[in-house]
Amino acid sequence: MEKSMIYSYKTAIVLLVVYALSLAIATFIEKYWGTELAKILVYYSPVFILLQLFLIVNFILSSLKHRLFRKGKVGFVVIHGALIVILAGALTTHLFGKEGMIHLREGEPVNTMLVRTNKGDTKHQLPFQLNLLKFTLSRYPGSASPSGFESHVQIQNGEETFERKISMNHVLDLKGYRLFQASYDKDEKGTILSVNRDVAGRTVTYTGYALLALGFILCFIGKETRFRRLIRELKQLQETSKSLLTGLLLLLLPCTLQAQAHKVDAAHAAAFGQLPLQSIDGRLEPVNTFASEALRKLHHAEKFDNLNPDQFLLSLLAFPEKWMHVPLITYKNKEIAVSYNLTPKQCAYIEAFDKHGRYKLQDDLEQVFAKPPSERSKFDKDLIKLDEQINIFFQLTNGRMLNLFPQAGDKDHKWHTSNTDSTESLLDLYIENVRKTVNTGDNNWTAANEMLASIRDFQETNSTLHIDNTKLQTELLYNQLNIFRSCKKLYLIFGGILLLLSFISLFKRKRWLAGSIRLLFVVILCGLLYHLSGIGLRWYIAGYAPFSNAYETMVYVACITVFAGLLFARRSAITFALATLFGGIILFVSGLNWMDPQISPLVPVLKSPWLMLHVAIIVGAYGFFGLCFLLGLTNLVLISINRKGKNLLLTARVQELTIINELALWAGLALMTIGTFLGAIWANESWGRYWGWDPKETWALITVLVYAVVVHLRLVEKWNNPRIFNWLTVIAFACVLMTYFGVNYYLAGMHSYGG
């Protein structure tokens with residue numbers, strides 16, 4: 001190997017690509033052959049460690065050769081130096097850190113921890129003794145879902161004895177050891193603590209994280225940095241030309257449904273929808289929210305024919321025998337329709353039973369549930385989903401899911417479906433009144449309204465939970481406004497119009513065009529503020545930052561994408577138009593049937609302030625990367641149109657959009673890198689390790705590496721051209737999709753739930 005190759009930029013790029021590919025391969029090894037083999041073959045292998053060493057040597061030598069300290073590239077040097085410090089911290093942790101588990105039972109003192117290594121399990125002596133006095137598991141009111149758990153322990157530290165409480169996200173630090181609440185025994189008489197001793201490694205690693213953040217700040221504010229030079233180049237280009245867009249068209253095909261059902265008065269149904277109800281996870285919510293979720297699960301839509309969710313639920317409760325014959329239950333599997341003689345796409349509840357009243361799916365379901373989840377076919381999974389829908393319908397017709405009635409003095413705060421053990425409850429009497437009113441057709445809802453008032457009085461009198469009427473009314477408003485659906489339409493329609501007008505303005509400079517574009521900017525900005533208000537309302541209703549599931553993060557990504565476009569709106573109308581359209585497409589995806597918009601209580605590990613920072617920043621990066629994807633795609637189209645480069649106007653537009661693309665890429669890379677390492681801090685503060693090679697962590701790192709390669713390509717003369725750069729910003733977005741969707745739905749790991 002030539003000496004120059006050791007410190008060349010080309011070598012650095014090749015090493016980064018090999019590093020990213022190695023990590024990607026390791027995640028698939030972990031899926032098919034287990035975590036331990038992935039660690040042996042890749043993560044902790046000598047070759048992988050040597051690869052990291054080569055990267056460090058390459059950076060140090062290239063910095064010295066190119067005299068980066070003398071060229072005003074302090075931020076660049078600090079970032080790369082920070083990565084070296086982080087790797088040094090990881091090595092320190094690997095060599096000197098201790099990680100294990102302690103299993104405590106009440107009244108049984110323990111002074112050892114179990115340490116697991118590649119060579120087997122060993123016991124490590126602790127310099128103190130632990131005795132579990134009491135383990136406490138708290139659940140969400142009226143639910144079996146844990147809201148938190150804590151261990152009250154007695155500690156014998158030499159001659160000193162004292163008591164402490166260890167709970168999720170509240171760590172006990174003792175003699176260099178950190179004890180985390182990890183799990184518990186089923187009988188709730190024992191606890192499992194995660195233990196970590198890594199003072200040196202943690203200190204070095206956290207120092208690296210701080211340097212990393214400082215390096216990015218210097219890259220953005222330094223006068224001679226790449227980021228600031230790009231801004232100056234963009235200003236120079238815009239002094240001589242206007243912005244250009246290419247066209248984009250999205251057709252939304254409406255679908256209609258037909259039904260035959262007894263219709264309940266909308267005003268009375270709305271009053272019914274305002275009643276508080278306790279969900280299965282213990283949250284108090286309006287009946288309207290429950291009805292909307294039930295209709296989505298059964299029919300995969302927000303309305304059924306001309307019935308809103310409140311009317312649908314009330315009609316179903318009043319006339320279950322009629323609804324059993326309505327083709328309501330929506331499913332997609334054609335093979336299921338043929339196998340069980342069901343109406344394709346939408347079937348009625350009654351169709352799931354033969355003429356003898358026997359459940360058609362029963363025998364096959366027993367065989368499906370006997371299989372391990374990994375061996376179930378698509379047919380099996382779709383059959384389980386259909387069975388769930390049929391069960392939901394059955395429970396709804398019997399009122400078994402309507403937990404409307406609290407029990408006075410109940411310490412568990414659980415609500416029930418009836419207020420009495422007798423045959424007729426308030427709900428039964430109310431439904432009977434609804435049925436009579438509809439059948440008579442006189443539209444006199446006085447008696448039904450009085451029964452609704454009786455139910456509400458019963459709730460207020462007997463509830464051991466505080467019924468927050470303000471929050472319930474806010475949730476009703478949130479449901480009725482359907483803010484994100486409105487924003488979706490606004491972004492798609494006005495983003496498309498902005499795209500068209502910007503394209504026309506390239507060839508015709510008319511005053512009305514400029515005025516129209518400015519007006520569209522204002523309309524979209526109002527839409528963005530409306531979007532933010534929806535996120536704020538959901539935050540208030542849920543009581544936590546709404547970034548905890550796929551639906552919420554999609555809504556947030558759409559917001560950040562439009563915001564990212566807004567940052568460049570003054571420089572380029574095309575960028576803002578593309579970002580707005582992409583925001584609308586993301587909201588469209590978030591509204592698809594497989595996305596669950598339900599508001600649910602947080603699991604204990606997510607109750608951490610680090611969660612909000614980590615998710616908000618890293619998901620914000622996805623918005624900028626999505627903008628890079630669209631700009632790259634647009635530039636490739638323009639380059640194809642202007643193959644010979646004779647059209648100077650198109651050439652200038654490509655240069656302009658390429659600069660904006662790189663600016664957005666720098667912002668996304670900074671957010672992705674900082675967000676990834678904030679996630680590491682969250683993991684370390686919650687369960688005692690800041691990096692465990694979980695596939696989600698690994699693919700976040702791969703995404704950082706891939707976009708780092710795209711940024712560094714310009715340093716190699718042969719690879720420094722707009723076509724390659726824009727192609728790579730399009731291709732690199734696949735890593736974002738893999739990190740966000742692929743890991744969750746395909747790979748194995750802590751973040752996987754759809755495989």
Side-chain angles (χ1 to χ4, degrees), residues 257 263-317 328 330 392 396 401-404 415 452 455-456 459 467-490 527 529-556 558-559 587-602:
L257 297 168
K263 186 174 181 179
V264 180
D265 176 69
H268 179 78
F272 171 66
Q274 293 178 21
L275 281 177
L277 169 148
Q278 190 178 63
S279 67
I280 193 170
D281 53 28
R283 191 176 76 89
L284 289 188
E285 62 186 22
V287 167
N288 173 259
T289 298
F290 172 82
S292 300
E293 291 166 1
L295 184 55
R296 266 196 307 272
K297 287 178 180 178
L298 290 174
H299 193 57
H300 298 173
E302 296 177 351
K303 283 189 174 183
F304 183 81
D305 198 11
N306 59 344
L307 302 180
N308 63 38
D310 295 330
Q311 290 175 296
F312 158 75
L313 179 60
L314 200 47
S315 178
L316 178 63
L317 291 168
L328 164 71
T330 300
I392 288 172
L396 285 175
M401 300 179 75
L402 291 172
N403 297 317
L404 291 166
W415 289 27
L452 270 185
I455 294 174
R456 188 57 192 263
Q459 292 175 332
I467 301 176
D468 191 335
N469 291 312
T470 302
K471 186 170 284 191
L472 289 170
Q473 290 299 317
T474 302
E475 186 165 350
L476 283 168
L477 177 66
Y478 171 83
N479 293 342
Q480 291 163 6
L481 292 177
N482 209 333
I483 293 173
F484 305 129
R485 183 177 64 178
S486 300
C487 289
K488 172 191 69 178
K489 294 178 179 178
L490 185 147
L529 294 174
Y530 192 49
H531 191 157
L532 284 168
S533 72
I535 294 175
L537 283 176
R538 190 176 177 97
W539 193 327
Y540 170 70
I541 294 163
Y544 57 82
F547 316 134
S548 66
N549 57 39
Y551 172 79
E552 290 175 344
T553 51
M554 287 289 282
V555 168
Y556 177 61
C559 182
L587 286 180
F588 172 76
V589 173
S590 73
L592 295 177
N593 295 328
W594 52 275
M595 285 286 185
D596 187 0
Q598 182 175 349
I599 298 174
S600 302
L602 286 179

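Remember, it's a predicted structure, so these values are computed and weren't measured experimentally.
- A distance of 14.5 Å separates NZ of K303 from CZ of R296, quoted to the nearest 0.5 Å.
- In terms of the side-chain hydrogen bond (donor to acceptor under 3.5 Å, both in side chains) criterion, Q274 has no residue partners (sequence neighbours excluded).
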Show, in sequence, the C-alpha distance, side-chain angles and deciding distance for F290 and N403, and conclude whether the side chain to side chain contact (heavy atoms under 4.5 Å, CB included) test is met. CA-CA 10 Å; F290 172 82; N403 297 317; over 6 Å; no
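- The closest side-chain heavy-atom distance from I599 to E285 is not below 4.5 Å.
- Scanning all heavy atoms of the two residues, the minimum distance from Q459 to W415 falls at NE2-CZ3, 3.7 Å.
- A distance-only check finds no donor-acceptor pair linking the side chain of Q598 to the backbone of E293 [under 3.5 Å].
- The heavy-atom pair separating G273 from P286 by the smallest distance is O-CB, 3.5 Å.
- In terms of heavy atoms, H531 sits closest to V555 at NE2-O, 3.1 Å.
- The CG atom of L316 sits 5.5 Å away from atom CG of L396, with the distance rounded to the nearest 0.5 Å.
- Residue C559 holds its SG atom at 8.5 Å from CZ of F484, rounded to the nearest 0.5 Å.
- Side-chain contact between L313 and L402: present, with at least one pair of heavy atoms (C-beta onward) separated by less than 4.5 Å.
- A donor-acceptor contact shorter than 3.5 Å links the side chain of Q311 to the backbone of N308.
- Counting heavy atoms from C-beta on, the side chains of L284 and L277 never come closer than 4.5 Å.
- For the atom pair T289 OG1 and Y478 OH, the distance stands at 9.0 Å (nearest 0.5 Å).
- Taking the six-membered ring for Trp and thresholds of 30 and 60 degrees, F304 and F312 have ring planes inclined between 30 and 60 degrees apart.
- Residue L532 holds its CG atom at 11.0 Å from CG of L537, rounded to the nearest 0.5 Å.
- D310 and A269 make their closest contact through CB-O, 3.4 Å (heavy atoms, listed as atom of the first residue, atom of the second, distance).
- Of the possible polar contacts, none joining the D305 side chain to the L307 backbone as a donor-acceptor pair under 3.5 Å is found.
- Across all their heavy atoms, L314 and H268 have their closest contact at CD2-CD2, 3.8 Å.
- Under the side-chain hydrogen bond (donor to acceptor under 3.5 Å, both in side chains) criterion, S292 pairs with no residue at all, not counting sequence neighbours.
- In this structure the side chain of S486 never reaches within 4.5 angstrom of the side chain of L481, judged on heavy atoms.
- Nearest heavy atom pair, residue L295 against residue A301, reads CG-O, 3.6 Å.
- In this structure, L477 and T474 have side chains that are not in contact, with every pair of non-hydrogen atoms separated by 4.5 Å or more.
- Atom CZ of residue R485 and atom NZ of residue K489 lie 5.0 Å apart, to the nearest 0.5 angstrom.
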